Structures are given as C-alpha cells and as structure tokens.
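Beneath this line is the structure, given in structure tokens, with notes to follow.
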Amino acid sequence: MTYNVLATIYLLYLAIGHQLTGILLWPAIALHAILVIFLGHAWLAKRDRESAEDFSI
C-alpha cells in the first residue's frame with residue numbers, strides 16, 4: 001500500500017509539476033489510486049475483524 005501511495009503522489013507530481021505527458025501516465029495514476037483504495041479498504045476490514053475477535057467471549 002505504501003508503494004502505491006508514493007507512486008501515485010510521484011506520478012501526480014510529474015504530471016502536474018513537470019508537465020510530463022504520455023498516453024499511459026493518467027491511467028497509471030488512476031490504477032495506483034484505485035489500488036490504494038482497495039488495499040486500504042482491505043486493511044481496515046481486517047483490522048476491524050481482528051479487533052472484533054479480541055472482544056468475543
């Protein structure tokens with residue numbers, strides 16, 4: 001997840017700051033952003049599941 005967050009930020013920096021263009025730049029940014037969302041959702045769901053198991057009797 002950390003890699004995808006950093007890759008998204010870096011690619012956005014290149015796209016906006018340096019006006020780097022390419023046919024696959026924006027789809028790559030979108031792909032990394034979607035992966036961050038999915039991985040973050042899975043991580044939060046796992047954390048919630050584990051915390052629920054701690055309080056079960």
Side-chain angles (χ1 to χ4, degrees):
M1 187 168 142
T2 304
Y3 169 78
N4 285 304
V5 169
L6 293 174
T8 303
I9 292 169
Y10 181 66
L11 290 173
L12 278 171
Y13 170 75
L14 289 177
I16 295 170
H18 294 286
Q19 298 175 348
L20 184 65
T21 59
I23 194 165
L24 294 177
L25 180 61
W26 288 106
I29 294 169
L31 175 66
H32 283 286
I34 289 169
L35 285 173
V36 167
I37 292 168
F38 284 149
L39 291 172
H41 177 70
W43 178 65
L44 289 174
K46 181 181 177 189
R47 189 183 70 173
D48 290 343
R49 225 179 11 255
E50 288 175 353
S51 66
E53 290 174 0
D54 291 342
F55 295 112
S56 63
I57 295 178

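Note that the structure is a prediction, hence the values are computed from the model and not measured.
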Requested in this report: Return the set of residues passing side-chain contact (heavy atoms from CB on, under 4.5 Å) with Ala42 (not counting sequence neighbours), or none when no residue passes.
Outcome: none
Query raised in the report: What residues join Ile23 in its hydrophobic cluster, counting side-chain heavy atom gaps under 4.5 Å, either direct or through other members?
Result: Leu24
Would you list the atom pairs, donor with acceptor, under 3.5 Å between side chains in residues 1-11 and any protein atom, with sequence neighbours excluded?
| residue | atom | partner | partner atom | Å |
| --- | --- | --- | --- | --- |
| Asn4 | OD1 | His32 | ND1 | 2.7 |
| Thr8 | OG1 | Asn4 | O | 2.7 |

**Report entry** Transitive ILVMFWY cluster of Ile34, excluding itself - 4.5 Å side-chain cut-off
**Finding:** Phe38
Query raised in the report: Taking only residues at least two apart or on different chains, which pairs with a member in residues 38-47 satisfy side chain to side chain donor-acceptor pair (under 3.5 Å)?
Result: none
Query raised in the report: Are Leu31 and Trp26 close enough that some pair of their side-chain heavy atoms sits under 4.5 Å apart?
Result: no
